[in-house]
Amino acid sequence: LNMAAGSMGFNRILYYVRSVSNPILRSEQWIMTRWNNQQVPVIKSVTYGEADKKMTVTASIEGDGNWFDSVALKEFYLTDLNTGSRMTPTGVVTSRSSGNYSIQYDLSGQAQGNYNVQVNIRDFFKNQTNKNYGQIVLDTTPPGVEVSFDGKPVNDSTVVYGLENLRFKLTDNLTTPRITRLQLAG
């Protein structure tokens, strides 16, 4: 067998174990040796939906399903390059057809924070491919807003004359908040 680096193949041997005293008693056994470090996973694209916190990855492997389904993608996870540790979500295969996979990661359960995300995919033979996605901020805490007029906090009994002395102070734990729309009525 040639099991050199950069090669692939399989060897399957059938053998019988028979009873000497009763030839009807026998057992068939298969021994299979498989290896592959030639066909490695390919990550084609990575997209992230800010609203639903879902990352979708398209990946493929040549020869998918061959050798009794041993040529297949098997492990899907994310790494935070800021810390070098695995993130909580694991990938779920949403479709698999002719070696093309669609894998989805739900980041809604991941702890709040700034992440430098890397997608990691391994096949049955532990060949791994990585692709950097980049920065994702997971922030579920709403920003804080303090409104003041003439240096005093605004409450329900405050009467505001003109907008020149109206001040807004925005705070957030992970991002720099900004006002995108302001509506005054009354």
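Every value quoted in this text rests on a predicted model; they were computed, and no experiment measured them.
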Practice problem: Please check if L81 and V117 belong to a single hydrophobic cluster, counting links between Ile, Leu, Val, Met, Phe, Trp and Tyr side chain heavy atoms closer than 4.5 Å. | Solution: no

Practice problem: Answer with yes or no whether the hydrophobic clustering places F124 together with V42; edges join I, L, V, M, F, W, Y residues whose side-chain heavy atoms lie under 4.5 Å apart. | Solution: no

Quiz item: Given S60 and K44, is the side chain to side chain contact (heavy atoms under 4.5 Å, CB included) satisfied, shown in steps?
Solution: CA-CA 7 Å; S60 66; K44 296 178 177 181; 3.3 Å; yes

Quiz item: Atom CG in N82, atom CG in N116: separation rounded to 0.5 Å?
Solution: 5.0 Å

Quiz item: Hey, are the side chains of E50 and V137 touching, using non-hydrogen atoms and a 4.5 Å cut-off?
Solution: no

Self-check item: Atom of Q110, atom of T88 and distance for their closest heavy-atom approach
Solution: OE1-N, 2.8 Å

Exercise. Given side-chain hydrogen bond (donor to acceptor under 3.5 Å, both in side chains), test E146 with S148 step by step and report yes or no.
Key: CA-CA 7 Å; E146 294 176 18; S148 63; over 6 Å; no

Exercise. Might you point out which heavy atoms bring Y77 and Y105 nearest each other, and give the distance in Å?
Key: N-OH, 3.6 Å

Self-check item: Atom of S102, atom of T56 and distance for their closest heavy-atom approach
Solution: OG-CG2, 3.8 Å

Quiz prompt | Value rounded to 0.5 Å, distance of OH in Y115 from CD in Q135 | solution = 11.5 Å

Quiz prompt | Inter-residue atom distance I43.CD1 - N130.CG, 0.5 Å rounding | solution = 6.5 Å

Quiz item: So, do T58 and N100 sit near enough that their side-chain heavy atoms are less than 4.5 Å apart?
Solution: no

Exercise. Treating Ile, Leu, Val, Met, Phe, Trp and Tyr as nodes and any side-chain heavy-atom pair under 4.5 angstrom as an edge, say whether V145 and V160 lie in one connected cluster.
Key: yes

Quiz item: So do V71 and D123 actually touch side chain to side chain, heavy atoms under 4.5 Å?
Solution: no

Practice problem: Find the distance between NZ (K169) and OG1 (T171) and round it off to the nearest 0.5 Å. | Solution: 7.0 Å

Quiz item: Is there a side chain to side chain contact (heavy atoms under 4.5 Å, CB included) between M87 and N120 once you walk through the steps?
Solution: CA-CA 11 Å; M87 296 173 66; N120 309 277; over 6 Å; no

Exercise. Could you tell me the separation between the OG1 atom of T90 and the CD atom of Q104, rounded to the nearest 0.5 Å?
Key: 11.5 Å

Quiz item: If only atom types and distance count, is the side chain of Q118 paired as donor or acceptor with the main-chain N or O of T79 below 3.5 Å?
Solution: no

Quiz item: Does T141 offer a backbone N or O that forms a donor-acceptor pair with the side chain of Q112 under 3.5 Å?
Solution: yes

Self-check item: P143 vs L170 side-chain heavy atoms within contact, under 4.5 Å
Solution: no

Quiz item: Among D64, T129, I61, V93, which residue meets the side chain to side chain contact (heavy atoms under 4.5 Å, CB included) test with L73?
Solution: I61

Quiz prompt | side chain to side chain contact (heavy atoms under 4.5 Å, CB included) evaluation trace for F168 with L166 | solution = CA-CA 7 Å; F168 297 91; L166 190 61; 3.9 Å; yes

Exercise. Compare all side-chain heavy atoms of K131 with those of V57 and state whether any distance is below 4.5 angstrom.
Key: no

Quiz item: L138 and L107: which non-hydrogen atoms are nearest, and at how many Å?
Solution: CD1-O, 3.9 Å

Quiz item: Nearest 0.5 Å, what's the NZ-NZ distance between K74 and K126?
Solution: 11.0 Å

Quiz item: So, for I121 and A59, which heavy atoms are closest and what is the spacing to 0.1 Å?
Solution: CD1-CB, 3.7 Å

Quiz item: Can V154 be reached from I179 by stepping across I, L, V, M, F, W or Y side chains whose heavy atoms are under 4.5 Å apart?
Solution: yes

Practice problem: Mind listing the closest non-hydrogen atom pair of T94 and I103 along with its distance? | Solution: OG1-N, 4.3 Å

Quiz item: Does a side-chain heavy-atom distance below 4.5 Å link F76 with R122?
Solution: no

Exercise. Show the numbers, then the answer: is there a side chain to side chain contact (heavy atoms under 4.5 Å, CB included) between D80 and L78?
Key: CA-CA 7 Å; D80 176 18; L78 302 174; over 6 Å; no

